[in-house]
Number of protein chains: 2
Amino acid sequence: MIPVIPDRPRFPTRAVDPIPNYAGRMGESGNRLDGREYQSWRAFHRMHDQLSLALNQHLQRDAGISEPDFQVLAALAEAPGQALRSRELREELQWEKSRLAHQLRRMEQRGLVLRDDCPEDARSATVRITDTGLAGVRTAAQAHAALVRELFFDALTPAQLDAFDEAGAAVIERLRQRCPAEAP
Amino acid sequence: MIPVIPDRPRFPTRAVDPIPNYAGRMGESGNRLDGREYQSWRAFHRMHDQLSLALNQHLQRDAGISEPDFQVLAALAEAPGQALRSRELREELQWEKSRLAHQLRRMEQRGLVLRDDCPEDARSATVRITDTGLAGVRTAAQAHAALVRELFFDALTPAQLDAFDEAGAAVIERLRQRCPAEAP
DNA sequence: GTAGTCTGGTTGACGCATCAACCTTTGGGA
DNA sequence: TCCCAAAGGTTGATGCGTCAACCAGACTAC
């Protein structure tokens, strides 16, 4: 639950720039994002959100599954024996454990995967893809890959893609250093 | 609701590469993503998800608000009169109308914004930021900008940032062309 | 072998996002 | 004037993601 704004001293009521240190209209100094940074930041989010939306809609239409469904199914389909322990799946996807638990519950209800006991560790379970799940991921795979290529890779020059990769690696590394608890 | 896998012919049961056209282990041909593309694609998503998580956690801790809260509050705080009609807010944020309606309902319940009737159009409403909301966005703004800079901009070289911008613009343009209905 | 801790996993609550259905007002036209 | 389509907005259902709390089996120390 989102708490209410914490207690804090009130600002004076005279007219000042209302959010003086975010992306304000003044050009100078400090921690504020300048106009160019602000535009870049918003463009990054728009790109991600719109890509994600388009891919989800197409997956949904073509195969009746979502992107998270697809990620799980693809990981399982590629696994030896087309099954993985939850722990392994979690590492593969880099998901939080409760996220995976919820996702698997929904997918199990829809018959895309099933879970049975793990012989080596009684706490764990083996997640197995069903025929239905396999059919779904196969239906989705080609069209999904084609769309990712069309909307993302084909829009980028090789140099842009290189820079993109390096930038992504740099940001992830920075996150790992600065927020170690939050970026496992 | 997510429909079940649609009716379709069954694949032969002999052992084949389980998802033959996504990101398989074979190097060749076709619509499949190759290994490098696949890695880039996953890295992009990881970067986005982890950035988003870290920013949300810090906003939550520092000011008790979420990223969507912050976006709405920042837009309102910068608006003339610190108020906007829903329509304008929606254009500013590029959000779907029901998304905004839900978000404003939650924020109104928590006292961050309020809505009153719009004199010019009886269908519409004027969204106004409250003192509580203003306090929240002010508390959040500097720390948020600093974190965005630290985790994102400071991790990138100028050349990477340029490439990032160009890439983002290219992808958004491609989306606009190919999925016009889905990228308003 | 018993206690304490660690690890793998589940659950419930809640905010976020999308979709589809719906309501009201507006603004044209016939 | 009356009708009707389009626009602005809301609502309910449902999937997704996080957090905090919890549970049970496994490991370690003693």
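Every chain is numbered from 1, with letters handed out A, B, ... down the list of sequences. All values derive from a computational prediction rather than experimental measurement.
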Is a salt bridge present between Asp162(A) and Arg36(B), judged by a nitrogen-to-oxygen distance below 4.0 Å? yes
Under the side-chain hydrogen bond (donor to acceptor under 3.5 Å, both in side chains) rule, what do Glu67(A) and Gln71(A) come out as? Steps first, then yes or no, please. CA-CA 6 Å; Glu67(A) 258 222 300; Gln71(A) 290 180 56; 4.8 Å; no
Report which part of the nucleic acid Ser98(A) touches: base, sugar-phosphate, or nothing (heavy-atom distance under 4.0 Å, all strands). base
In whole angstrom, give the distance that lies between atom CD of Glu120(B) and atom C1' of dG9(D). 16 Å
Given dC14(C), is OP1 or OP2 found less than 4.0 Å from the side-chain N or O atoms of Arg106(B)? no
It should be established whether Arg90(B) places a side-chain nitrogen or oxygen under 4.0 Å from OP1 or OP2 of nucleotide dG9(D). yes
Whole-Å gap separating C1' (dT18(D)) and CG (Leu59(B)): 15 Å
Whichever of Arg85(B) and Ala122(A) has the more 5' nearest nucleotide on DNA chain D, that residue is Arg85(B)
Could you check Ser86(A) against His102(A) and say which one's nearest nucleotide on DNA chain C is further toward the 5' end? Ser86(A)
Can Val137(A) be reached from Leu93(A) by stepping across I, L, V, M, F, W or Y side chains whose heavy atoms are under 4.5 Å apart? yes
d(CD, Glu96(B); P, dG12(D)) in whole Å: 18 Å
Sorted by position of nearest nucleotide on DNA chain D, 5' first, the leading residue of Ala125(B) and Arg123(A) is Ala125(B)
Using a heavy-atom cut-off of 4.0 Å across all strands, would you classify Asn56(B) as base, sugar-phosphate, or nothing? nothing
So, do Arg106(B) and Asp69(B) sit near enough that their side-chain heavy atoms are less than 4.5 Å apart? no
When you check the phosphate oxygens OP1 and OP2 of dG8(C), does a side-chain N or O of Arg87(A) lie under 4.0 Å from one of them? yes
Compare all side-chain heavy atoms of Asp49(A) with those of Leu53(A) and state whether any distance is below 4.5 angstrom. no
Please classify the nucleic acid contact of Ala101(A) as base, sugar-phosphate, or nothing, using heavy-atom distances under 4.0 Å. base
Nearest of dA17(C), dC16(D), dA13(C) to any side-chain atom of Pro68(A)? dC16(D)
Is the His48(B) ring parallel, tilted or perpendicular to the His45(A) ring (thresholds 30°, 60°)? perpendicular
Starting at atom CD of Glu92(B), determine the distance to atom P of dG8(D), rounded to an integer number of angstrom. 17 Å
OP1, OP2 of dG15(C) versus side-chain N and O of Arg105(B): anything below 4.0 Å? no
Using a heavy-atom cut-off of 4.0 Å across all strands, would you classify Arg99(A) as base, sugar-phosphate, or nothing? base
Rounded off to whole Å, could you give me the NZ-to-C1' distance for the Lys97(A) and dC22(D) pair? 10 Å
Less than 4.0 angstrom between a side-chain N/O of Ser124(B) and OP1 or OP2 of dG8(D), yes or no? no
Does dC19(C) have OP1 or OP2 sitting under 4.0 Å from an N or O in the side chain of Gln57(A)? yes
Short side-chain N/O contact from Gln103(B) to OP1 or OP2 of dC16(C), under 4.0 Å: yes
Take the protein atom CD of Gln94(A) and the nucleotide atom P of dT18(D), then report the distance between them rounded to whole Å. 12 Å
Round to the nearest Å and state the distance from Gln50(A) atom CD to dA17(C) atom P. 14 Å
Would you mind telling me which of dT25(C), dC16(C), dT18(C) lies closest to the side-chain atoms of Asp69(B)? dC16(C)
Gln60(A) atom CD is separated from dT14(D) atom P, nearest whole Å, by 14 Å
